[in-house]
Amino acid sequence: MASAGLQFFAFILALLGVFGAITATLLPNWKVNADVGSNIITAITQMQGLWMDCTWYSTGMFSCTLKYSVLSLPVYIQAARTTMVLSCILSAFGICISTVGMKCTKLGGDRDTKSYTSFAGGISFILAGIFELVPTSWYTREIISNFLDPTVPESSKNEPGGAVYIGFISAGLLFIAGVIFCTSCFKKQQGAWIYPTKQQQFPATRQENNAGYNLKDYV
């Protein structure tokens, strides 16, 4: 059975995963294009995210443009928006549930109820990690395929930005935290089946003894 300290460690991992998922969703550097020009006003870094495109000029200026039109975006960006938002919602929901189900808290009622609550929180973390891993992998695949395409000009090729790496790391943290919470509940239930209580092992013997005493009273 997982100890309260292990559950607390998983909770810390889940918190880091939630912050990482929210950060990766909002950052504009999912795709980075570094192009140094000869003119002083030429943009040296162009970044593309899920919600905005930003440009960093050599003069130190930084400007961003929001992506208002959803239908004009590629399919992988639309899917990444939806799944990343779902990942943030599920991970936040898992934080609330796992807080109730942890052994070190006094919320959630008896041990069985806290165990089921902890299992539900673990499932939420696992689903949040999957929802974050899928768009991050898809987005990375599109960047790599575009980079390896010989028909694409060198100035139009991109490479993965920091948001992609944050997405991979936070997805792994959420998945590990969810496995720990689910395993703690599973081991407890398994132990209850393997080692039943004494009242479950010898109920018939006690009834026979009581019946014997009753018969002796009438002899």
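Note that these values count all heavy atoms, side chains included, but never hydrogens, waters or copies made by symmetry. Treat the numbers as computed from the prediction; the structure is a model and nothing was measured.
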Check: Should I95 and L15 be marked as a side-chain contact (heavy atoms from CB on, under 4.5 Å) after you check the CA-CA gap, both sets of side-chain angles, and the distance that decides it?
Finding: CA-CA 7 Å; I95 289 293; L15 281 178; 3.7 Å; yes
Might you point out which heavy atoms bring [X] and [Y] nearest each other, and give the distance in Å?
X    : Y    : value
Y76  : K31  : OH-NZ, 3.2 Å
I126 : C182 : CD1-SG, 4.1 Å
A163 : A24  : O-CB, 3.6 Å
S124 : G94  : CB-CA, 3.8 Å
P160 : T140 : CG-CG2, 4.4 Å
P135 : M84  : CG-SD, 3.9 Å

Count I, L, V, M, F, W, Y as connected when their side-chain heavy atoms are under 4.5 Å apart, and connections chain through other members. Are [X] and [Y] then in the same cluster?
X    : Y    : answer
I143 : L148 : no
V18  : F8   : yes
L174 : I22  : yes
V85  : I130 : no
L50  : Y68  : no

Report the distance from atom [atom1] of [X] to atom [atom2] of [Y], rounding to the nearest 0.5 Å.
X    : Y    : atom1 : atom2 : result
T183 : F119 : OG1   : CZ    : 9.5 Å
S170 : L133 : OG    : CG    : 9.5 Å
C54  : L27  : SG    : CG    : 9.5 Å
S118 : F11  : OG    : CZ    : 11.5 Å
T82  : Q78  : OG1   : CD    : 7.5 Å
E132 : L90  : CD    : CG    : 11.0 Å

Next item on the list: Return the orientation label for the F181 and F125 ring planes: parallel under 30°, perpendicular over 60°, tilted otherwise.
Entry: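 Taking F125 first and then F181, their aromatic rings sit tilted (interplane angle of 30° to 60°).
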Notebook entry, point to check: Given D53, which of Q48, Q46, K67 fulfils the side chain to side chain donor-acceptor pair (under 3.5 Å) condition?
Noted result: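 By the side chain to side chain donor-acceptor pair (under 3.5 Å) criterion, D53 pairs with just one of Q48, Q46, K67: K67.
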Checklist line | Validation row: T45, N33 side chains within 4.5 angstrom (heavy atoms) | finding: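 Side-chain contact under 4.5 Å: no.
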Note to self: Give me each pair satisfying ring-ring contact (aromatic ring centres under 6.0 Å, His included) with a member in residues 155-177, each pair once, sequence neighbours excluded.
What the structure shows: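 Listed by first then second residue: nothing to list.
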Note to self: So does I77 get a backbone contact from the side chain of W138, meaning a donor-acceptor N/O pair under 3.5 Å?
What the structure shows: no
Margin query: Keeping S87 on the side-chain end and T83 on the backbone end, is there a donor-acceptor pair under 3.5 Å?
Written below: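 It does not hold such a pair.
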Next item on the list: Determine, stepwise, if the pair R81 / V70 fulfils side-chain contact (heavy atoms from CB on, under 4.5 Å).
Entry: CA-CA 10 Å; R81 280 185 172 187; V70 178; 3.7 Å; yes
Next item on the list: Dump the intermediate steps for side-chain contact (heavy atoms from CB on, under 4.5 Å) on M47 and W30, then the final yes or no.
Entry: CA-CA 7 Å; M47 298 178 291; W30 281 67; over 6 Å; no
Checklist line | Over 12 non-hydrogen atoms of neighbours within 6.0 angstrom of CZ in F62 | finding: yes
